[in-house]
Amino acid sequence: MCKRIIASIFTLAVTLLLVGCRRDSNPDANRDVDQASAAADSAADLQSALQDARALAESGDHDAAAQALYAVMIRHGDNDDAKALTAQVEAARGNLETAVEIARSVDAGSSVWPAVIDLRYQVLAKLGRPSEAADTLLQALQTKQDQPRWRHEAWRLLNFVGRRQEACDQALTLCRLGLASEPELFSLIGRRLAFPTPDLMKVLLGKGQLPENQFAPGLGKARWYFSLQQHDRALEQLADQSRDGFESAAAQAFYGRLLAETQQWEAFQQWHGRLAPDAKQFSDYWSALGVFLIDSRAHEAAAAALLESITRDPTDRVCYQRLAKVLAALDRHEDSAQFRNRGVEIAQTERLAKEVGEASANKDKRTQLARYLMELGRPFETLGWTSTLLPATAIGPRQMVSQQRAQLLQDPSVADMTIEVSLLGLAPADFELQSQLEQLLVRAPSEQPRTSAPPRQVAATPRLVNRAGELGLKFQWYKDVEIDLTIIPIHESLGGGIAVLDYDLDGRPDIYLAQGSGDPPTDQCTRSSELYRHEVSAFTNQTAAAHAEDFHYSSGLAAGDVNQDGFPDLFLGSLGHNRLLINNGDGTFREQTSQLGTFADRFTASVAIADLNGDRLPDLFESNYIEMEDGFALPKKGPDGKWISPTPLSHYPDADRWFENLGNGEFRLHEITRSIASPGTSLGLVVTDFQSDGNNEVFVGIDVRPNHLLVQNGENSFVNVADTNGLANGFSGAANGCMGIATGDFNRDGRLDLQIANYSLEPANLYLQNESGDFTDYSVRYGLAAATNPYVGFGTKAVDFDRNGFLDFIVTNGHIFDVRDQGEPYQMAPQVLMSDGRGLTLADVEDESGYWDQTYLGRTIAMLDYDRDGATDFLVGHLDQPLALLHDETRADGEWIQVELIGTTSERDAIGAKLVLTVDDTQSVEWVTAGDGYFCSDEPVVQFAFPETQPAPNVRLQVQWPSGLVQDVGAIEANHRYLVVEDQPEVERRW
C-alpha cells in the first residue's frame with residue numbers, strides 16, 4: 001500500500017511539473033488554469049470548476065481538462081469527485097497507469113466509487129493485467145455486494161486468467177440470485193477445467209481461431225493445456241512465475257497440482273516449502289497433496305487431503321476416482337464403491353453438458369442434467385437449468401422457480417447441502433493427515449522410480465517389415481470382409497488369439513491362430529482355427545494333418561506343456577466351450593477337454609497354462625468377459641437413428657476360474673468367487689512371480705472395472721491384492737479400459753513392471769514396482785500418457801529394439817466402434833515407443849513393405865524369433881487386414897542373449913522363473929510368463945539385449961527357478977541362444 005501511495009504522489013508531482021512547464025508555452029492554457037485555480041479557492045466554486053473540466057473532457061480537449069483538474073486537486077486533493085474525473089480524463093489521454101493510481105485513492109463510501117471501480121478494472125484489463133482487474137472487482141464486491149454486473153465481469157475475467165475456483169464462486173452467487181447466464185451454468189459443471197472447456201470451445205469458436213488464444217498467458221493457458229492433458233505445456237506457462245513469483249495464490253496452487261500430475265516430486269517438495277498460506281484455500285492444492293500422498297502410500301492422509309479438495313470443488317471427478325482407489329486400499333470397500341459411483345455420476349453430468357452444448361434445443365437433455373444436479377446436492381444450479389427450459393413468456397412457471405429459490409435461501413441447511421452430499425458421510429477430520437504429511441515432506445516418496453543403469457540415448461531407428469505374404473502366412477481372422485465392421489456387436493470387436501509353439505520340436509516356432517466366423521456360442525463356425533508349421537522358408541497350413549481343427553468361436557489361446565511330456569499342448573479359449581488339445585508328440589493333437597470335467601460355457605477372453613498353486617504342476621486359468629446371456633446381441637439404433645456403441649458396462653461381468661491339475665490327467669474346477677474378487681470384464685492376463693517369493697500370481701487386466709492381482713493364500717485359493725498394491729486402477733484413480741499387457745523391468749531396478757494398453761482418452765498405464773512390492777502408474781512422468789491417450793490400444797509388447805539396455809514398446813491400435821462422428825478415428829496406426837531410460841518417445845519406423853503407412857483395427861500381438869537372428873519379431877492380428885509378421889530388421893549395434901528353460905523339479909515350462917543376466921558389472925532381469933497379455937502366447941524364449949562392449953563382455957547368467965533352486969550358469973557368449981535345464985550344470989548352445 002505504501003508503494004502505491006508513493007507512486008501516486010510521484011505521478012501527481014510529475015504531472016504538475018508538466019503542467020507548470022506548459023504555462024510558458026501556452027498562454028491560453030495558462031489563463032484557463034488561473035481561472036480554474038481562482039474558482040477552486042472557495043468550496044462554493046468547486047462544483048463549477050469540476051463542471052467546466054467535465055465540459056472540456058466531453059468536448060475532447062482532455063489535456064485542458066487535465067490541467068484544470070490538477071489545479072482543482074492542488075486545493076481539494078481529497079475530493080473524490082475530482083479524483084474520479086481526473087482518473088477518467090487520464091485514461092482518455094492514454095495515461096492508464098496514472099488513471100489506475102488516482103482511481104485507487106477514491107474512497108469506497110463515495111457516490112462515484114462504483115464508476116471508479118468500473119474504470120479501474122477496465123483500464124487494468126487494457127494494460128494486460130486481467131488478474132489484477134478481477135481482484136479489483138472481488139475487493140469491491142466485499143464492500144458492495146449488490147452489484148451483479150461486477151460478478152458477471154469478475155466471472156469472465158477469472159475464467160480468462162484460469163482462476164476457476166474463484167470464478168465459480170461468482171457463478172454460484174449468481175445462481176443463488178437467479179441471475180446466472182447459461183455460460184455461467186455450464187462453467188459450474190467441471191470446475192477443475194478451463195472454461196470454456198475443450199468440448200464447448202468447439203461450439204463457441206469460429207473457424208480458424210486458436211482455442212488457447214482465448215485465455216491469458218500464465219495460469220489461463222496453463223489450465224487450458226491441463227484440460228487437454230498436456231501437462232508439460234501447462235507447466236511451461238507457469239515456469240517464469242515459479243521462478244520469479246506467482247501472480248496469484250491460485251496460480252501457485254495450480255502449479256503444485258501440475259507437478260503432482262507429472263509426478264515431479266523433488267520439485268513438488270520445493271514448491272510446498274515456499275507455499276503461500278493463501279494457496280491452501282484452493283482445491284488444486286489439496287488435490288496435489290492427495291496425489292503426493294497416494295504415491296507415498298500414505299493412504300489415510302491422502303483420503304483427508306482429497307476430501308478437503310472435494311469440499312472446495314465437488315465436481316472434481318478425478319478426486320472422486322482417486323478417493324475410491326485410496327479407500328479401497330484402506331479396506332473401506334463400501335465407501336470406495338460410493339465414491340466410485342459418485343465419480344460416474346459426475347462424469348454423466350459432464351457428458352450431458354457436452355450434449356446440451358452441442359444441441360441447445362434438446363429439452364430432454366437439459367431436464368436430465370437438472371435432475372442429476374439435484375441428486376448431487378446442487379439445488380441452485382438445478383433451478384438455473386430449469387429456468388433455461390422456460391420461455392420468456394412463461395411468467396407463472398418462472399415465478400414458481402423464483403419462489404423455490406427464495407425458500408431455499410431461507411433454509412440454513414441448504415448452505416452446506418452440496419458439501420454434505422459430496423462427502424458421502426465422510427469428513428476430512430475422519431483421517432489423520434498432519435503427522436504423515438510432515439514426515440513425508442522432508443524426503444522424497446519411496447515410490448519414486450529409480451534405475452540402476454544410467455540413461456542411454458536411443459541408439460537406432462526401429463525397422464519392422466511385414467514379411468507375412470512372402471512366408472505363406474495369408475490368414476485373416478475376420479474372413480467375411482464384406483460385412484460392415486463399423487456396426488459389429490461387442491464380441492466381434494475383440495479379435496482372435498495367437499499362440500506360438502514348437503509343436504513338432506524341430507527348433508522352429510509354429511503358429512496357432514484363432515478363428516471366429518460364426519454366431520457364438522457354437523462349435524459350428526464356418527472356418528476352423530488354423531495351425532501353421534514353420535518350415536525352412538515358409539509357414540504351411542497343417543491344421544487338418546495335425547488334427548488341430550477347432551470350429552468354436554475362438555478367443556484367447558495358450559500354449560504350454562500341460563501333461564509334462566516335453567511337447568507343448570493347447571488350451572483354446574472360446575465364446576462358449578473351451579477346449580484342451582494334447583500334443584501326441586508325433587505331429588498331431590488329440591482332444592482331452594473331458595479331462596477338465598463338467599463346466600459351463602463362458603465368454604472367455606485370455607487364457608494361460610501355469611502352476612497356480614505351487615504344486616509344480618501346470619494349471620489352467622481363464623479370464624472371462626461378460627455373461628453369455630445377451631452377450632452376443634447386435635447393436636441397436638438410438639432415437640436419433642445412430643447406432644449405439646455397445647459397452648461392457650451394459651452387461652453383467654462374469655467370474656474368472658481356473659482348473660487345478662490333479663496330477664493324474666484330471667482337473668478340478670475353481671471359481672474366483674466374490675469373496676476373492678468381484679467379477680470383472682476381464683481381457684488381458686499375465687501369470688508369473690510378481691512378488692519374487694517363489695509363487696506365481698495372476699494379474700488380470702479388466703475392461704472399465706478395477707484390475708485384479710490374485711495371490712496364493714496357502715489354501716489352494718487366492719486373495720486379490722490389486723487395491724492395496726496400486727494395480728487396481730490407473731494414476732487418475734479410474735478403472736481403465738484395459739486390454740494388452742507387457743511385462744519387463746522397465747526402469748532397470750530388478751523388479752517386474754507392467755505396461756497396459758487402454759481405451760482412447762485413457763492413457764496407457766506404466767506400473768513400476770517399488771521395493772515394497774507396490775506399484776505406481778508413471779505413465780505421465782515417462783511420456784507414455786501423451787503418446788497413447790488418443791488411441792485404443794490392444795496388443796502391446798516390450799522389447800529392446802535398439803539394444804541400449806532399456807525396453808521399448810510396440811503397440812497395435814484400433815477402435816472398438818466407429819465414432820468418427822465424435823472426432824476419433826476408427827482404424828488407427830500402430831506405434832513404437834523408444835526408451836532412453838528416463839522417458840518414452842514415439843518413433844518413426846523404417847519399413848519397405850508399407851505396413852507402417854496404413855491404419856488398422858489392430859488387436860493381438862505375439863512375439864517370436866522366427867528366423868533365429870536374435871531379434872524379436874511380431875505376429876499382429878487385425879479385424880480388417882490379414883495377419884502381419886513384422887520382421888525386426890533394426891540396424892542396432894548392441895548384442896543379445898536368448899534363453900530357453902526346461903524345469904525338472906519345477907513345472908517344465910518354468911513359469912515364474914527369474915533370470916538375471918550380468919554383462920561385465922551391469923545386471924538385467926527378465927521373467928518367464930504365461931498369458932502374455934492379450935489373447936496370446938509368445939514363443940517361450942527369454943530375450944536380453946545390451947549395448948555392444950569392447951573387448952568382448954564377460955556374460956554370466958543366473959536362473960532362480962520356481963522350485964527355489966538358484967542356478968548359476970558359467971560364462972556364456974553374446975549373440976547366441978542357450979537351453980538351460982534345471983539342476984544340470986551344462987547348458988546347450990542352440991545356435
Side-chain angles (χ1 to χ4, degrees), residues 219 222 225-226 229-246 249 251-277 279-280 282 284-299 301-302 305-306 309 322 433-457 726 731-732 746-751 753 763 765-772 774-786 806 835-841:
L219 178 58
Y225 290 130
F226 168 79
Q229 301 185 46
Q230 297 176 9
H231 298 105
D232 290 342
R233 296 186 71 180
L235 281 166
E236 288 172 4
Q237 285 292 322
L238 292 173
D240 290 343
Q241 292 187 36
S242 72
R243 182 183 62 253
D244 302 331
F246 288 98
Q252 188 176 31
F254 188 66
Y255 186 72
R257 182 166 193 170
L258 291 172
L259 293 175
E261 295 292 348
T262 52
Q263 298 166 307
Q264 299 185 40
W265 299 129
E266 304 91 336
F268 178 90
Q269 288 168 299
Q270 295 171 7
W271 162 83
H272 199 276
R274 300 193 298 264
L275 195 70
K280 294 184 179 181
F282 294 99
D284 287 326
Y285 164 78
W286 293 102
S287 175
L289 196 61
V291 176
F292 170 79
L293 293 165
I294 290 172
D295 274 16
S296 302
R297 291 298 184 273
H299 291 128
L306 292 170
S309 180
R322 286 176 171 150
L433 169 64
Q434 203 59 38
S435 61
Q436 289 187 332
L437 179 60
E438 290 173 356
Q439 295 174 17
L440 290 168
L441 284 172
V442 298
R443 60 179 175 84
S446 60
E447 287 72 21
Q448 184 169 288
R450 294 181 174 89
T451 177
S452 61
R456 299 187 185 102
Q457 83 185 114
F731 178 59
S732 71
F746 304 144
N747 60 340
R748 296 290 300 277
D749 65 353
R751 290 182 280 270
D753 308 311
N765 308 119
L766 188 69
Y767 289 109
L768 302 185
Q769 187 175 182
N770 65 23
E771 57 190 8
S772 63
D774 293 330
F775 291 80
T776 299
D777 182 3
Y778 280 104
S779 179
V780 174
R781 181 173 179 133
Y782 277 78
L784 184 64
F806 290 98
S835 174
D836 63 1
R838 292 295 182 269
L840 293 154
T841 56

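Numbering starts at 1 and runs along the sequence shown.
- Closest approach of Ala260 and Phe731 over heavy atoms only: O-CZ, 3.6 Å.
- With hydrogens and angles disregarded, a donor-acceptor distance shorter than 3.5 Å links the side chain of Asp753 to the backbone of Gln769.
- Heavy atoms only, all atoms of each residue included: Ser779 and Pro763 are closest at OG-CB, 4.2 Å.
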Quick one: do His231 and Tyr225 satisfy ring pair (Phe, Tyr, Trp, His ring centres under 6.0 Å)? Show the steps, please.
CA-CA 6 Å; His231 298 105; Tyr225 290 130; over 10 Å; no
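- Rounding to the nearest 0.5 Å places OG of Ser242 at 10.0 Å from CD of Gln252.
- Of all heavy-atom pairs spanning Ala234 and Ala222, the tightest one is CB-O, 3.2 Å.
- Side-chain atoms of Gln241 never come within 3.5 Å of backbone atoms of Ala251 as a donor-acceptor pair (strictly under, hydrogens ignored).
- Atoms CZ and CG, on Phe806 and Asn747 in that order, are 8.5 Å from each other to the nearest 0.5 Å.
- In plain terms, the two heavy atoms of Leu219 and Leu238 that are nearest each other are N-CD2, 3.6 Å.
- Ion pair Arg297/Glu771 not flagged as a salt bridge, since none of the NZ, NE, NH1 or NH2 atoms sits closer than 4.0 Å to an Asp/Glu carboxylate oxygen.
- Contact record, Ala301 with Leu433: O-CD1, 3.5 Å, taken as the closest heavy-atom pair.
- The side-chain heavy atoms of Tyr778 and Asn765, taken from C-beta on, include no pair separated by under 4.5 Å.
- With a 4.5 Å cut-off on side-chain heavy atoms, Leu258 and Thr262 do not count as touching.
- Between Asp836 and Arg838 there is no salt bridge, since no side-chain nitrogen of the basic residue lies less than 4.0 Å from a carboxylate oxygen of the acidic one.
- Note: Arg781 CZ to Leu768 CG = 9.5 Å, rounded to the nearest 0.5 Å.
- Separation of atoms CZ (Arg751) and CZ (Phe775) is listed at 10.0 Å; rounding is to 0.5 Å.
- The shortest non-hydrogen separation linking Ala253 to Ala279 is CB-O, 3.7 Å.
- Here the side chains of Asp295 and Trp265 are in contact, with some heavy-atom distance below 4.5 Å.
- Using the six-membered ring where Trp is involved, Trp271 and Tyr285 have ring planes that are tilted, between 30° and 60° apart.
- The structure places CD of Gln230 at 10.0 Å from CD of Glu236, a figure rounded to the nearest 0.5 Å.
- Judged by distance alone, the side chain of Gln263 and the main-chain N or O of Asp777 form a donor-acceptor pair under 3.5 Å.
- Residues Phe254 and Phe226 place their aromatic rings such that the two centres sit under 6.0 Å apart.
- Put simply, the side chain of Ser296 never gets that close to the backbone of Ala298: no donor and acceptor are under 3.5 Å apart.
- Taking the six-membered ring for Trp and the full ring otherwise, the centers of Phe246 and Tyr255 sit less than 6.0 Å from each other.
- Residues Leu766 and Val780 are not in side-chain contact: their nearest non-hydrogen atoms beyond the backbone lie 4.5 Å or more apart.
- To the nearest 0.5 Å, the span separating CG on Leu235 from CD on Gln264 amounts to 5.5 Å.
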